[in-house]
Structures are given as structure tokens and as C-alpha cells.
Amino acid sequence: MPELPEVETVRRHLEATIPGRTIRSVRLSGKRLRAPVSRGLDRRLRGRTFVAVRRHGKYLLADLDGGLTLISHLGMSGRWLFMKRPPAKLPPHVHARIAFTQSGELWFQDPRRFGLLELVNTGAVSRSPGLSQLGPDPIASPPTGESLRAIGCRARTPIKTFLLDQKRIAGIGNIYASEILHRAGVDPRRRAMALSAADWKAIAGETSAVLEEAIARMGTTFSAYRTLWNEPGSYGSQLLVYDRGGEPCRRCGTPIRRVVQAQRSTFFCPACQKRRK
DNA sequence: ATCCTATCCTGTAGGC
DNA sequence: TGCCTACAGGATAGGA
């Protein structure tokens with residue numbers, strides 16, 4: 001679910017909400033997420049104050065005083081929710097409840113439990129598993145045709161799969177990979193190493209454009225994703241190919257095709273995205 | 001080294 | 001209505 005635009009939306013909302021708030025208590029569900037929640041996370045967070053919220057790819061980094069950083073990843077179904085007045089009845093799948101001395105609670109909810117909560121020393125963030133291997137963030141360091149070609153010109157993998165590889169570029173997921181390639185006019189099945197300089201330039205430009213436009217609309221909501229305020233994102237209405245198998249291409253009317261690559265659905269227009277270019 | 005496959009988990013949509 | 005299967009926005013250990 002949450003890709004870079006959704007995670008960036010949550011980051012901005014967290015940044016506007018939690019810095020300056022001090023943690024009174026943390027309650028954990030005890031359930032294992034993608035990995036076990038850091039041991040003693042509840043005890044170590046007590047009394048700490050949030051300072052800032054950063055992001056790298058799909059990872060959120062919430063810095064606290066005392067040199068600590070709370071790393072989180074939303075996986076497929078995770079959400080951060082800020083509850084001004086927490087309801088008496090706890091909804092299902094809330095794995096962390098962070099209560100503040102000021103007011104309000106911050107909840108981490110994740111039905112499928114593919115998410116991640118980890119507490120590390122701020123200086124050790126980049127050595128944390130997952131983050132240590134991450135490629136450049138396309139918002140912090142916008143890709144160029146040349147920068148992408150440099151990392152992709154020897155990759156035998158299809159360009160769609162290439163864009164999903166977080167070690168190469170951090171933050172693109174299944175929705176935006178299809179959208180970027182459609183707007184760039186590149187067939188998702190072509191091997192990265194076979195792309196021309198013009199193809200790479202188009203992909204680089206559309207990567208920035210699609211991600212920025214999606215951020216402006218607070219991301220894409222199909223079902224689960226919500227912002228910190230429990231609101232859906234509205235980029236779904238802008239999608240040109242994702243989840244539109246069989247429907248007419250908005251540009252040329254040709255039916256959108258769905259194929260499976262590396263166990264994931266890919267959507268593309270066979271007319272707008274020709275093999276050769 | 002590189003790439004593909006199966007797997008973690010729950011919720012939901014669609015076929016019957 | 002219910003039962004069953006397929007599939008879902010992600011990441012990763014293991015095998016080829």
C-alpha cells in the first residue's frame with residue numbers, strides 16, 4: 001500500500017503534530033510485526049520528546065531527544081493515526097499506543113503486520129537493517145537520466161522490477177512504477193540494460209513528476225491507506241493505468257493490459273508503451 | 001553477483 | 001447467507 005507519496009504525507013502530518021510532545025506511556029500489543037518490535041521500546045521511549053520527523057524512501061524516522069530515533073515502516077497495511085481524544089473501545093490491530101503528557105495519542109495500526117517498529121540510536125539509523133541497503137530517495141535527490149542509466153545500464157531485470165528495487169531507488173512501489181512507465185512511454189517488460197538515454201531521461205522526469213503530483217494529493221487510497229488524520233488520499237482519480245486492466249487507455253483508448261512480473265501486477269498500454277522507442 | 005520464488009499476515013471481493 | 005479461492009499498496013530469506 002503505502003509508497004513514497006503516502007509515507008511523505010504521513011511524515012508531513014507527523015512533523016506538524018508530534019515535535020514538542022513528550023511521551024507519557026507506550027503500550028504495545030506484544031504481537032510480532034515484520035520483525036519483533038525492539039525490546040524495551042516502551043520503557044526506553046517513556047519521558048522522551050519528539051524533535052523532528054524524517055523520511056528515506058518508505059521508512060519514517062522520528063527523532064527524539066536523548067539521541068533516539070523511532071524507525072517505522074508501514075508495510076502493506078500499516079497506519080500512523082493521531083487520536084486527539086482516544087475512543088474507549090480500541091479498534092483491532094493497534095500494535096502501539098503512544099500517549100503524550102500534553103494530550104492525544106499516536107497509534108500504529110497494522111492488520112497484516114508487515115510493518116516495522118524499531119528504536120535505535122540516531123547515529124546508527126543508516127546502519128539499521130533495511131535502511132543500510134537503501135538507494136537514494138528520489139525527492140531528496142531527484143534522479144536524472146544519467147544517474148538512472150548509471151545504475152541501470154547493466155541490469156538484466158525488466159525496468160518495472162528495476163523501479164521496485166529499493167536498493168536502486170528508494171520509495172517507488174507497485175502503483176507508481178506502472179504510472180511512471182506509462183507516462184514515460186516505456187514498455188515495463190523491457191530489460192533495463194536495453195533502454196536508451198532518451199528512455200532513462202523520460203523515466204527520471206516522470207518519476208519526479210508523478211511522485212510530486214501524488215504528494216500534492218496526499219497519495220493514493222484504495223482501501224486501507226489513510227493519512228494521520230484518517231483521511232484518504234485523492235491521487236487514485238489521476239491513475240492512468242494502475243488497476244485499470246481491460247479499461248480504455250485515457251490517452252489512446254487501447255485496452256490496458258495486466259501482466260504479472262516478479263509476482264506483482266503490472267498495468268500498461270500496449271499502444272502508448274511500445275517495445276521499441 | 002543477480003534474479004526469481006515462496007513466505008510472512010489479515011481483509012475483502014468475486015464466483016458458486 | 002455462507003463457503004471457497006484469489007488477490008492486495010512490501011520486504012526478504014533461500015535457491016537456482
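Computation of the quantities below employed the complete heavy-atom set of this structure, encompassing side-chain atoms and omitting hydrogens, waters and symmetry-equivalent molecules. All figures in this text were calculated on a predicted structure; none of them were measured in a lab.
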Side chain to side chain donor-acceptor pair (under 3.5 Å) partners of A:Arg11, counting only residues at least two apart | A:Glu8

Got a sec, which residues hit ring-ring contact (aromatic ring centres under 6.0 Å, His included) with A:His13, two or more places apart in sequence or on another chain?
-> A:Trp229

Using ring-ring contact (aromatic ring centres under 6.0 Å, His included) as the criterion, list what pairs up with A:His73, not counting sequence neighbours.
-> A:Tyr59

Select base, sugar-phosphate, or nothing to describe what A:Arg258 touches, counting heavy atoms under 4.0 Å on all strands.
-> sugar-phosphate

Please list all pairs passing the salt bridge (Lys or Arg N to Asp or Glu O under 4.0 Å) test where one or both residues lie in residues 235-260 of chain A, with sequence neighbours left out.
-> A:Arg244-A:Glu247

Compare side-chain N and O positions of A:Ser265 against OP1 and OP2 of C:dA8 and report whether any pair is under 4.0 Å apart.
-> yes

Stems involving DNA chain B: give each as a range paired with a range, ordered by first number, where a stem means at least three consecutive Watson-Crick or G-U wobble pairs under 3.5 Å.
-> B:2-8 with C:10-16, B:10-16 with C:2-8

Keeping to residues at least two apart or across chains, list the side chain to side chain donor-acceptor pair (under 3.5 Å) pairs with something in residues 114-127 of chain A.
-> A:Thr69-A:Thr122, A:Glu118-A:Ser128

Quick one: salt bridge (Lys or Arg N to Asp or Glu O under 4.0 Å) pairs with a partner in residues 152-163 of chain A, sequence neighbours left out?
-> none

Qualifying salt bridge (Lys or Arg N to Asp or Glu O under 4.0 Å) pairs with a residue from residues 37-49 of chain A, counting only residues at least two apart or across chains | A:Arg48-A:Asp65

Would you classify A:Tyr176 as touching base, sugar-phosphate or nothing, given that sugar-phosphate means primed atoms plus P, OP1 and OP2, and contacts are heavy atoms under 4.0 Å?
-> nothing

If you restrict it to nitrogen or oxygen atoms, what contacts under 3.5 Å exist between nucleotides 14-16 of chain C and the protein, and what is each distance?
none

Would you jot down, in residue-number order, the residues of residues 112-122 of chain A having a non-hydrogen atom under 4.0 Å from DNA chain B?
-> A:Arg112, A:Arg113, A:Phe114

Who passes side-chain contact (heavy atoms from CB on, under 4.5 Å) against A:Arg217, sequence neighbours left out?
-> A:Ser234, A:Tyr235, A:Ser237, A:Gln238

Could you encode protein contacts along nucleotides 1-6 of chain B as a string, one character per nucleotide from 5' to 3', using B for base contact, S for sugar-phosphate-only contact and - for no contact, with a heavy-atom cut-off of under 4.0 Å?
-> --SSS-

